Amino acid sequence: MTETEKKTVLVVDDEENVRIFLKTVLKKAGFNVQTASNGLEALDIVKADPPDVISLDLIMPKKSGAKFFHEIRKDKKLQKIPVVLVSAHTKDDLGKQDFDDIMSGKAVQVAESYLEKPVKAEVYVDSIKRALGMEHIKTLVTPKSMESPSKTVKDEIKTLIDNADPAKLQQILDVIKKKK
């Protein structure tokens with residue numbers, strides 16, 4: 001049994017095609033996957049059988065991802081479950097305020113990371129693995145990348161930055177600015 005086969009991911013998204021895509025990607029990577037179409041369904045699932053990590057959309061009917069997030073962070077049994085936000089609304093009027101509240105930690109713990117929709121399969125799986133603390137060595141060797149090693153390094157750095165915790169990136173930026 002591989003490391004991923006022992007882990008369960010709960011994918012919470014109101015868009016069926018997104019749920020199917022994310023579930024398929026995770027299953028191919030070896031994860032067990034549960035799905036929910038809103039925060040109410042997700043809460044029932046989490047309370048009955050807590051997953052190892054949650055992939056969470058922000059804007060959903062019945063109970064938003066933000067309300068769901070705050071609710072599980074207040075529950076001592078559930079608050080340690082890592083959450084990866086996957087949303088198309090982190091910068092618009094629909095979700096920016098909720099996103100900022102979650103990532104700043106004003107009310108509760110921050111989410112482990114976030115991804116903007118649409119997500120790339122490899123980036124998504126890497127983000128889930130990182131939230132779980134799983135070691136993962138990214139393989140970037142393809143015929144094209146073998147021709148241009150600098151492109152491989154740039155791609156790897158871009159992927160790492162795209163998936164990094166915003167607070168950690170700010171700390172790095174602060175250190176770099178101080179050295180100038």
Side-chain angles (χ1 to χ4, degrees), residues 3-134 162-169:
E3 196 174 2
T4 57
E5 288 174 329
K6 298 174 189 173
K7 303 293 183 182
T8 299
V9 181
L10 173 60
V11 174
V12 187
D13 199 298
D14 61 320
E15 296 178 60
E16 184 178 13
N17 59 337
V18 173
R19 275 194 319 274
I20 291 169
F21 170 73
L22 298 177
K23 179 179 181 176
T24 301
V25 165
L26 291 169
K27 285 217 171 257
K28 283 184 179 180
F31 288 99
N32 296 314
V33 183
Q34 298 173 300
T35 62
S37 62
N38 60 60
L40 283 176
E41 282 181 29
L43 199 55
D44 289 342
I45 291 169
V46 169
K47 286 182 176 182
D49 186 20
D52 296 295
V53 65
I54 299 168
S55 170
L56 182 64
D57 186 17
L58 274 178
I59 307 302
M60 296 180 291
K62 297 184 182 178
K63 183 181 288 264
S64 73
K67 287 180 182 175
F68 168 80
F69 179 84
H70 289 294
E71 210 166 314
I72 65 167
R73 287 300 196 239
K74 290 177 186 175
D75 186 316
K76 292 207 184 289
K77 291 180 184 176
L78 306 175
Q79 66 185 199
K80 298 291 184 194
I81 300 171
V83 175
V84 175
L85 296 178
V86 181
S87 181
H89 300 288
T90 60
K91 295 179 178 123
D92 65 24
D93 290 342
L94 285 174
K96 184 172 180 5
Q97 185 62 53
D98 287 337
F99 173 76
D100 289 346
D101 288 347
I102 289 171
M103 296 311 288
S104 71
K106 285 180 185 172
V108 291
Q109 295 171 301
V110 299
E112 277 59 36
S113 66
Y114 75 94
L115 299 171
E116 288 278 335
K117 288 180 185 175
V119 297
K120 293 181 180 176
E122 183 177 345
V123 172
Y124 178 65
V125 170
D126 285 349
S127 188
I128 295 294
K129 286 182 177 182
R130 196 178 313 43
L132 288 166
M134 299 170 82
D162 288 347
N163 293 312
D165 174 11
K168 297 268 189 234
L169 286 174

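All of these numbers come straight from a predicted model, not from anything done at the bench.
If you run side chain to side chain contact (heavy atoms under 4.5 Å, CB included) between P50 and each of D75, L10, T8, L78, only L78 comes through. Here the rule is side chain to side chain contact (heavy atoms under 4.5 Å, CB included) with V12, and of V83, I54, L22 only I54 fits it.
Considering CD of E41 and OG1 of T35, their distance stands at 7.5 Å, rounded to 0.5 Å. Put simply, NZ on K67 and NZ on K62 are 14.0 Å apart, with the number rounded to the nearest 0.5 Å. Considering CG of D49 and CD of Q34, their distance stands at 5.5 Å, rounded to 0.5 Å. Note that the CG atom of N38 and the CG atom of D14 stand 8.0 Å from one another [nearest 0.5 Å]. Note: D126 CG to M134 CE = 11.0 Å, rounded to the nearest 0.5 Å.
Closest non-hydrogen pair, S55 versus V86, comes out as OG-CG2, 3.5 Å. Considering every non-hydrogen atom in both A42 and A36, the closest pair reads N-CB, 3.6 Å. Considering every non-hydrogen atom in both R73 and I81, the closest pair reads NH1-O, 2.7 Å. In plain terms, the two heavy atoms of L132 and F31 that are nearest each other are CD1-CE2, 3.6 Å. Of all heavy-atom pairs spanning R19 and D13, the tightest one is NH1-O, 2.6 Å. Across all their heavy atoms, L43 and F68 have their closest contact at N-CE1, 3.5 Å.
The backbone N or O of I20 sits less than 3.5 Å from a side-chain atom of T24, completing a donor-acceptor pair.
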Derivation and outcome, side-chain contact (heavy atoms from CB on, under 4.5 Å), residues V18 and D57: CA-CA 10 Å; V18 173; D57 186 17; over 6 Å; no

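Counting heavy atoms from C-beta outward, F69 and L58 have side chains that stay 4.5 Å or more apart.
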